[in-house]
Amino acid sequence: MTFELPDLGYGFDALEPWIDAKTMGIHHDKHHKTYTDKFNAALEKHPELFDKSAEEIISDLDSVPEDIKGAVRNNCGGYVNHALFWQILGRGKELKGKLKESVEKEFGSFEDFKKDFGGRAATLFGSGWVWLVVSNGKLEIVSTTNQDSPLSEGKTPILVLDVWEHAYYLKYQNKRPDYIEAFFSVINWDKVGEMYEKARG
Ligand code: MN
């Protein structure tokens with residue numbers, strides 16, 4: 001069983017004008033596809049790993065054989081990270097319920113959270129991701145470089161922003177802060193809230 005490129009679940013143009021259709025098309029069909037193909041290719045040398053989920057593999061990199069560890073770290077990471085990114089994007093959803101309460105309690109206010117998260121995304125050097133994770137029952141904002149995943153650190157991601165240039169350069173060029181602001185208009189908070197409740201158990 002090889003890993004398959006997951007569907008977006010919506011059209012490439014669904015996030016217009018904040019994230020443009022051309023960027024979404026290339027990002028999903030080319031970038032995410034390449035991570036998927038390279039992830040599968042790496043596992044061909046150790047096919048017993050196909051019995052695990054991608055999340056299980058990236059959560060336990062120590063058990064991945066040394067000869068493919070680097071390739072798995074990058075490409076299983078890219079596979080899993082993008083799959084989550086597509087899921088937490090959407091339209092017309094508001095932060096509510098238990099997650100809203102926790103964001104306000106742990107960050108002060110939604111605006112404070114947005115400022116922290118956006119600040120991390122704006123200042124992340126090079127290519128990487130900014131995450132809202134659940135760690136020991138608490139919310140935490142973390143960043144990772146390249147395709148590293150917080151799952152490898154035992155943290156459960158519930159929201160994520162791709163700040164690789166391929167995620168925004170066609171529309172925003174060097175204006176990463178405009179892309180970050182746009183991202184806040186297309187978060188599927190229902191999905192994020194659902195994952196929060198699941199992570200809390
Ligand atoms: Mn990407």
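All ligand and atom numbering here is 1-based and tracks the order in the structure. Owing to the predicted nature of the structure, the values given are computational and were not obtained by experimental measurement.
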- Does Tyr79 have its ring centroid less than 6.0 Å away from the ring centroid of Phe39? yes
- Task: Describe, in one word, how the ring planes of His166 and Tyr35 are oriented to each other, choosing from parallel (under 30°), tilted (30 to 60°) and perpendicular (over 60°).
- Result: tilted
- Query: Does any donor atom in the side chain of Ser109 or Asp112 lie under 3.5 Å from an acceptor atom in the other side chain?
  - Reply: yes
Less than 3.5 Å apart, which donor and acceptor atoms pair up between the side chains of residues 193-201 and the rest of the protein, not counting sequence neighbours?
| unit_1 | atom_1 | unit_2 | atom_2 | d |
| --- | --- | --- | --- | --- |
| Glu194 | OE2 | Lys191 | NZ | 3.2 |
| Tyr196 | OH | Ser102 | OG | 2.6 |
| Tyr196 | OH | Arg200 | NH1 | 2.5 |

- Determine the sole option in Tyr169, Trp164, Phe12, Trp86 for which the ring pair (Phe, Tyr, Trp, His ring centres under 6.0 Å) test with His27 is passed. Trp86
- Message: Check for me: within less than 2.8 Å of the Mn ion (ligand 1), which protein N/O/S atoms show up?
- Response: His27 NE2, His82 NE2, Asp162 OD2, His166 NE2
- Item | Flag for Trp131-Thr144: side-chain donor and acceptor within less than 3.5 Å | yes
